[in-house]
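Each remark here refers to the structure printed beneath this line.
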Amino acid sequence: MQNSNYISDDSAFKETLKQVDRTKKGQFIQLTTMQNHMPYLTNDYQNTIKVSGDLTKNSKSELETYTQGINFTDKALKRFISEINKIDKKITVVFYGDHLPSVYDFKTDNDVKQAKYDQILHQTDFFIYSNFKSSVVSQNKVVSPYMFTPMMLAQTNSQVSPYYALLTDVWEETPAAEREKIMGDDGNYLSTKTLNKNTKQIMSDYKMIQYDITSGNQYTYQTDFYKTK
């Protein structure tokens, strides 16, 4: 797109639609886009967006390029959803970003402002969209990526295995978590002391399963824990 060396999100979405059209059967497609990945160079786009604030000149320049790219993505995403709606096939899209850009270099009160930004660095917008009606509406404002799968399964009214039943409990009953920190819907960190006994038990069960899968003896693989009946 324009002078950027990365594939545009518009092109990536079009390639995804080609994959969707190749079969009437069920598919799982994971798309990782590149358009808004750093570095954010001044000559990537003909920037129409100007940034102000307590930032260095270089930081403003990078942020303008990033924001211009997001603007292109918004328009491409609108077209993508429009095309999805035309397809005679049930499709659900889970859309999110893994983190915000690390381009903020403040002029004053650097440590204080940087600490505040670091807290929201991994807080990005997300949505789960289906081209068919669903009665499930998530009330969560802040979630962890591992909650997206049970959220999607609930929205599509899919039958789940015991493992995903546990993840559904994790999604519905526990706060978002990252690196041993937990966060409430207001975006502020919480203390585990504020959690009730049921929530703590679900979190403990989930950690035990994680350990069994990654570092333990994988006892759960010897059962029907991951099978859908």
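Residues take their numbers from the sequence shown, with the count starting at 1. Note that this is a predicted model, so its numbers are computed, not measured.
Put simply, the side chain of Thr174 does not reach to within 4.5 Å of the side chain of Leu195, judged on heavy atoms. Residues Lys227 and Ser161 form no side-chain contact, since every pair of their non-hydrogen atoms from C-beta on lies 4.5 Å or further apart. Proximity of Ile182 to Tyr189: side-chain heavy atoms (C-beta onward) are nowhere separated by under 4.5 Å. Within the 4.5 Å cutoff, the side chain of Leu167 has heavy atoms near those of the Tyr206 side chain. Side-chain contact between Leu31 and Glu15 is absent, with no heavy atoms from C-beta onward closer than 4.5 Å. At a threshold of 4.5 Å between non-hydrogen side-chain atoms, the residues Asn47 and Thr67 do not count as touching. Within the 4.5 Å cutoff, side-chain heavy atoms of Leu17 are placed close to those of Phe80.
Criterion: ILVMFWY side-chain heavy atoms under 4.5 Å apart, direct or through other members. Under it, Ile120 and Tyr104 are part of a common hydrophobic cluster. When the side chains of ILVMFWY residues are joined at heavy-atom separations under 4.5 Å, either directly or via intervening members, Met147 and Tyr226 end up in a single hydrophobic cluster. Under a hydrophobic clustering in which Ile, Leu, Val, Met, Phe, Trp and Tyr are joined whenever their side-chain heavy atoms come within less than 4.5 Å, directly or via other members, Leu190 and Val143 fall into different clusters. A single hydrophobic cluster is seen to contain both Val103 and Leu100, as judged by linkage of ILVMFWY side chains at heavy-atom distances under 4.5 Å, directly or through other members.
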From CA spacing to verdict: salt bridge (charged side-chain N to carboxylate O under 4.0 Å, His left out), Lys78, Glu83: CA-CA 9 Å; Lys78 182 179 180 180; Glu83 291 300 315; over 6 Å; no
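For Pro175 against Tyr146, the heavy-atom pair with the smallest separation is O-OH, 4.3 Å. Minimum heavy-atom separation, Asp10 to Arg79: OD1-NH2, 3.3 Å. The two atoms that bring Ser59 and Leu55 nearest to each other are OG-CD2, 3.9 Å, heavy atoms only. Minimum heavy-atom separation, Ile49 to Glu64: O-CG, 3.3 Å. The two atoms that bring Trp171 and Met151 nearest to each other are CE2-CG, 3.3 Å, heavy atoms only. Of all non-hydrogen atoms in Ile29 and Val20, the two that sit nearest each other are CD1-CG2, 3.9 Å.
Ser191 contributes no side-chain N or O that, together with a main-chain N or O of Thr194, makes up a donor-acceptor pair within less than 3.5 Å. Using modelled atom types, no side-chain atom of Asp105 and backbone atom of Thr56 make a donor-acceptor pair closer than 3.5 Å. Under the 3.5 Å distance criterion, the side-chain polar atoms of Thr16 are matched with a main-chain donor or acceptor of Ala12. Although no hydrogens or angles enter the test, the distance criterion places a donor-acceptor pair under 3.5 Å between the side chain of Gln218 and the main chain of Ile213. No donor-acceptor pair closer than 3.5 Å links the side chain of Glu173 to the backbone N or O of Thr199. Remark: the backbone N or O of Leu41 is paired with a side-chain donor or acceptor of Asp44 at under 3.5 angstrom. Checked by atom type and distance alone, the side chain of Ser61 never pairs as donor or acceptor with a backbone atom of Lys57 at under 3.5 Å. Panel note: side chain Asp54, backbone Phe106; no donor-acceptor pair is recorded below 3.5 Å. Looking only at distances, a side-chain donor or acceptor of Gln27 sits under 3.5 Å from a matching main-chain atom of Gln19. Checking side-chain atoms of Thr92 against main-chain N and O of Ser130 turns up no donor-acceptor pair under 3.5 Å.
Remark: Asn196 CG is packed, more than 12 non-hydrogen atoms of other residues, nucleotides or ligands lying under 6.0 Å away. For Phe127, the CZ atom sits in a packed shell: over 12 heavy atoms of surrounding residues, nucleotides or ligands are nearer than 6.0 Å. Counting non-hydrogen atoms of other residues, nucleotides and ligands closer than 6.0 Å to CD of Gln222 gives a total above 12. A 6.0 Å sphere centred on NZ of Lys200 holds more than 12 heavy atoms belonging to other residues, nucleotides or ligands. Residue-environment remark: CG (Asp186) exceeds the threshold of 12 foreign heavy atoms within 6.0 Å. More than 12 heavy atoms of other shown residues, nucleotides or ligands fall within 6.0 angstrom of atom NZ in Lys89. For Tyr219, the OH atom counts as loosely surrounded, since its 6.0 Å shell holds 12 or fewer non-hydrogen atoms of other residues, nucleotides or ligands. The environment of Met34 atom CE is dense: over 12 non-hydrogen atoms of other residues, nucleotides or ligands sit within 6.0 angstrom.
Note that OH of Tyr163 is 9.0 Å distant from OG1 of Thr220, once rounded to the nearest 0.5 Å. Going from atom CG of Leu166 over to atom CD1 of Ile202 covers 8.0 Å, rounded to the nearest 0.5 Å. To the nearest 0.5 Å, the span separating CZ on Phe148 from CZ on Phe126 amounts to 5.5 Å. Once rounded to the nearest 0.5 Å, the distance linking CD1 of Ile91 with CD1 of Ile81 reads 9.5 Å. Atoms OH and NE2, on Tyr66 and His37 in that order, are 11.5 Å from each other to the nearest 0.5 Å.
Side-chain contact check for Thr73 and Asn36: at least one donor-acceptor pair (N or O, by modelled atom type) lies under 3.5 Å. Residues Tyr129 and Asn85 bring a donor and an acceptor atom of their side chains to less than 3.5 Å of each other. Remark: the Ser4 side chain and the Gln35 side chain contain no N/O donor-acceptor pair separated by less than 3.5 Å. Counted by atom type alone, Glu178 and Ser144 present zero donor-acceptor pairs between their side chains at under 3.5 Å.
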